[in-house]
Number of protein chains: 2
Amino acid sequence: MTARVSVAPQDPVEFPGEPRWLDADEQRAWRAWLYSAQLLMDRLDRELTHETGISHAYYEILVALSETEGRMLRMSELADRCLSSRSRLSHAVSRLEERGWVRRQICPEDGRGQLAVLTDEGFAALEAAAPVHVGSVRAHLFDQLSPGQVEAMRDLGETLLRHLGPR
Amino acid sequence: MTARVSVAPQDPVEFPGEPRWLDADEQRAWRAWLYSAQLLMDRLDRELTHETGISHAYYEILVALSETEGRMLRMSELADRCLSSRSRLSHAVSRLEERGWVRRQICPEDGRGQLAVLTDEGFAALEAAAPVHVGSVRAHLFDQLSPGQVEAMRDLGETLLRHLGPR
DNA sequence: GTAGCGTAGTTGAAGGCTTGACTATTCCGC
DNA sequence: GCGGAATAGTCAAGCCTTCAACTACGCTAC
């Protein structure tokens, strides 16, 4: 993490000069954010996987598909929505195909493209998993926060998204 | 159904009946948090790995060791501080050992235990990486936020940690 | 029509992570 | 001391992700 190690006055190319180290308050804020984010994601993923056999990554794919007209999306569009690389998504869809939850279909408008289509079995699996996931998010996130904190969380997230966000 | 082996000393969550679904505001807050957290972590890890060849996971191990008296820790203590499983840490330390940055040492007080010790080379690698990491955290996090937002971030993180947190 | 380039998506190898089993050691009650 | 339970750590198998090719198609200009 942000160790306060002193460094020789030699300039690394991209980050020249002595960096502005984090002060004690920033340290504390950063660690609290990092630890809580890691623990929360880990917890949600574990509970979902354990109760339903669906990892959070797979869950996001199923959700993204279920929210579209026709329950289908181009592979790259799906990858973008899931914050996933093309390659990663391709592998993941292959594994979902093996489970019978998604199938591939050649895209009519663009011969290069593929459509990932959510099957009825896939939708049923999602329906079964959704209450578990919502339960976890409530228990470990919303039930722990005041309305003001929820508001702050949204504000924080949206501010960061404006900087990091999809282009 | 599932055996539900609870690893953490925490109540397993029950998911009875119809869940309390997220309303539109909660949805929005949740997605903003989730996406921003994923993007930020991904960004920090990528920049660090790209500039220094050290992944964020390895960086955390080096930092944890560097902050202790004697720059050494028991394997399990190190795993806890890095939010890592024992197995994962054991693998990671093996790879850090191959790089010459950490070495294992039998624990004098407990024959079962191992100490992970940060070498001088490891400390030097950390010194070189630290400015890069701090630069990323500043650029993508603190430079984007107002003082009030930083305060809110700390509050949020600490509130969640009280619920999820270690022991 | 075809050359050249950009885009969409897949693939395979390499390596990291997780799970569960396994060894070795210590602790504790007798 | 001794036997059983608990603890520390490692290891192997399998899954997942990444990276760097690679195939296939579309678009534009000549």
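Values in this document were obtained by computation on a predicted structure and should not be read as measured data. Just so it is clear: chains get the letters A, B, ... in the order the sequence lines come, proteins before strands, and each one is counted from 1.
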Here the distance between atom C1' of D/dG9 and atom CD of B/E97, to the nearest Å, is 13 Å
Query raised in the report: Does the distance from a Lys or Arg side-chain N to an Asp or Glu carboxylate O, for B/E97 and B/R103, drop under 4.0 Å?
Result: no
A/Q105 CD to C/dA8 P, in whole Å, measures 19 Å
Item to complete: Answer yes or no: is there an ion pair linking A/R154 with B/D25, defined by an N-O contact shorter than 4.0 Å?
Response: no
Rounded to whole Å, CG of A/D110 lies from P of D/dT23 at a distance of 19 Å
TODO: Can you label the angle between the B/H56 ring and the A/W30 ring as parallel, tilted or perpendicular, going by 30° and 60°?
DONE: perpendicular
Got B/L62 and B/V102 here, is their nearest side-chain heavy-atom distance under 4.5 Å? yes
- prompt: If we only count heavy atoms from C-beta on, is the A/R112 to A/I106 side-chain gap below 4.5 Å?
  reply: no
B/D45 atom CG is separated from D/dT18 atom P, nearest whole Å, by 9 Å
Between the protein and nucleotides 10-12 of chain C, are there any N/O to N/O pairs under 3.5 Å, and if so, what are the atom names and distances?
residue, atom, partner, partner atom, Å
C/dT10, OP1, A/R104, NE, 2.5
C/dT10, OP1, A/R104, NH2, 3.1
C/dT10, OP2, A/S90, OG, 2.9
C/dT10, O5', A/S90, OG, 3.4
C/dT11, O4, A/S87, OG, 3.0
C/dG12, O6, A/H91, NE2, 3.0

B/R88 atom CZ is separated from D/dC15 atom P, nearest whole Å, by 20 Å
From CD of A/E109 across to C1' of D/dC25 the rounded distance in Å is 15 Å
Item to complete: Answer yes if the side chains of A/H140 and A/E47 hold a donor-acceptor pair under 3.5 Å, and no otherwise.
Response: yes
For the residue pair A/R95 and A/Y58, would you count it as a cation-pi contact if the rule is NZ or CZ under 6.0 angstrom from the ring centre and within 45 degrees of the ring axis? no
Atom CG of A/L96 and atom P of D/dT17 are separated, to the nearest Å, by 11 Å
- Query: Quick one: is D/dG9 close enough that its OP1 or OP2 comes under 4.0 Å of any side-chain N or O from B/R74?
  - Reply: yes
Distance below 4.0 Å between A/R46 side-chain N/O and C/dT19 OP1 or OP2: yes
Among C/dG6, D/dT17, D/dG9, the one nearest any side-chain atom of A/R112 is C/dG6
Rounded to whole Å, the CD1-P distance (B/I106 to C/dT26) equals 11 Å
Checklist line | Residue-phosphate contact under 4.0 Å: A/R95 side-chain N/O, D/dC16 OP1/OP2 | finding: yes
Taking for B/G113 and for A/A92 the nucleotide of DNA chain D with the nearest heavy atom, the one nearer the 5' end belongs to B/G113
